[in-house]
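These notes are about the structure you will find just below.
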Amino acid sequence: MYPGPDNRSFSAGIWMFGQFVDRFASDGYGPAVSMPEAIRSAAKVGGIESLDLNFPFWGDETSLAAVQSALEGTGLRAQAITPAIYTREFCRGAFTNPDAKVRQKAVDLIARATDVGLELGVDYMKIWPGQDGFDYPLQADPRRLWELSVEGMRNVASPHPALKFAIEYKPKEPRTHMLFSSAARTLLAIEDMGLDNVGVLIDFGHSMYGGESPAEALELCLSRGRLVDIDLNDNFRSWDDDMTVGSVHPVETLEFLLGLKRAGWSKPWKLDQFPFREDPVEAARASIRMLSDLLDVADRIDLEELAAARERQDALGAQALAFDVLFGRSKETK
Ligand code: FE
Ligand code: FE
């Protein structure tokens, strides 16, 4: 319905078309959805060309062949695989689990997921060690958690030097403290890993509620050549609300998009949302429409003038350059 211009493509995490469960509605906010069904929902959006798929695929019976046939049937592509190293089995940690056998299970699961990813021809493997961290003061030795996380990532990424592994950082949830909690910490850990094929996925919402400026986090990752991908969504800055793009912070989203544009971003603009009470197809369309509009605005901002205003660190001048376009101000009404 809202296909982007020719040079713009969009992708999405498949979970936004699945069933949502939280600690209140533990019976789910809707019926269970199989992965092939979710792929078909994603295809209905219009404009989405590729997907980040959870692995194992949802539903005991969902085979790789079933997913491949849903992808072929809809013309969508697998962009990434996210191994589920955050489920019950790993609730005390994946890479940092106190039990060495569970740590090995996490590495084995990612290895299996990577084989599937290679089969599907993904661009990268997404690693979200959401259960790696701690909850209480005194609970764990921070130095040991760091060492185990670095070692775990090294174990999964080193056998596949030609494939990218992107760490998605997040400040908290489900743990009160996640180990890869910010762009800077993740980049430092990547330095310790000493591998060229590990990078960062910046989730705009995680960056926002982690107290970062996403545009600043972006430059940090770009300057070290470690940006693999982005997740786009929005929130109220106190939680990972995963709302539609630009619904709360359109100006900071625009700033983030301007940074990506300057970097020559040519990959799909990726959605990561949890529309608990909204229709997922409509929520994806709302995000794509907003992204298309913000990218149009970014295209119309005079980047040389913006650079000059920033050189002067002229807050009002730089904002006016964006707001003139955003609100369609003409010279006469200024
Ligand atoms: Fe995300
Ligand atoms: Fe998230």
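Start at 1 and go down the list; that is how both ligands and their atoms are numbered. From a predicted model like this one, the values you see are computed outputs, not experimental measurements.
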Original post:
Would D240 count as a contact for the Fe ion (ligand 2), in the sense that one of its N, O or S atoms lies under 2.8 Å from it?
Top reply: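 Yes.
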**OP:** May I ask you to check whether S181 and R185 show a side-chain donor-acceptor distance below 3.5 Å?
**Re:**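 Yes, a side-chain donor-acceptor pair sits under 3.5 Å.
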Original post:
Do we see a donor-acceptor contact under 3.5 Å between the side chains of N197 and H160?
Top reply: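 Looking only at side-chain atoms, H160 and N197 do not form any donor-acceptor pair under 3.5 Å.
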**OP:** Quick one: name the protein N/O/S atoms under 2.8 Å from the Fe ion (ligand 1), chain by chain.
**Re:**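 The answer, once waters are left aside, is E168 OE2, D203 OD2, D231 OD2, D272 OD2.
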Subject >> Any pair counted as side-chain hydrogen bond (donor to acceptor under 3.5 Å, both in side chains), so long as it reaches residues 302-318, sequence neighbours left out >> reply: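 Pairs touching residues 302-318 that pass the test: R312-D314.
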Subject >> Of K267, R77, Q79, K164, the residue whose pairing with D123 passes side chain to side chain donor-acceptor pair (under 3.5 Å) >> reply: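 Of all the options given, the one that passes is R77.
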**OP:** For F134, enumerate each residue passing the ring-ring contact (aromatic ring centres under 6.0 Å, His included) test, keeping only those at least two apart in sequence or located in another chain.
**Re:**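 Checked F134 against ring-ring contact (aromatic ring centres under 6.0 Å, His included); matches are H177.
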Subject >> Contacts of type side-chain contact (heavy atoms from CB on, under 4.5 Å), residue D108, not counting sequence neighbours >> reply: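 Here the qualifying residues are Q104.
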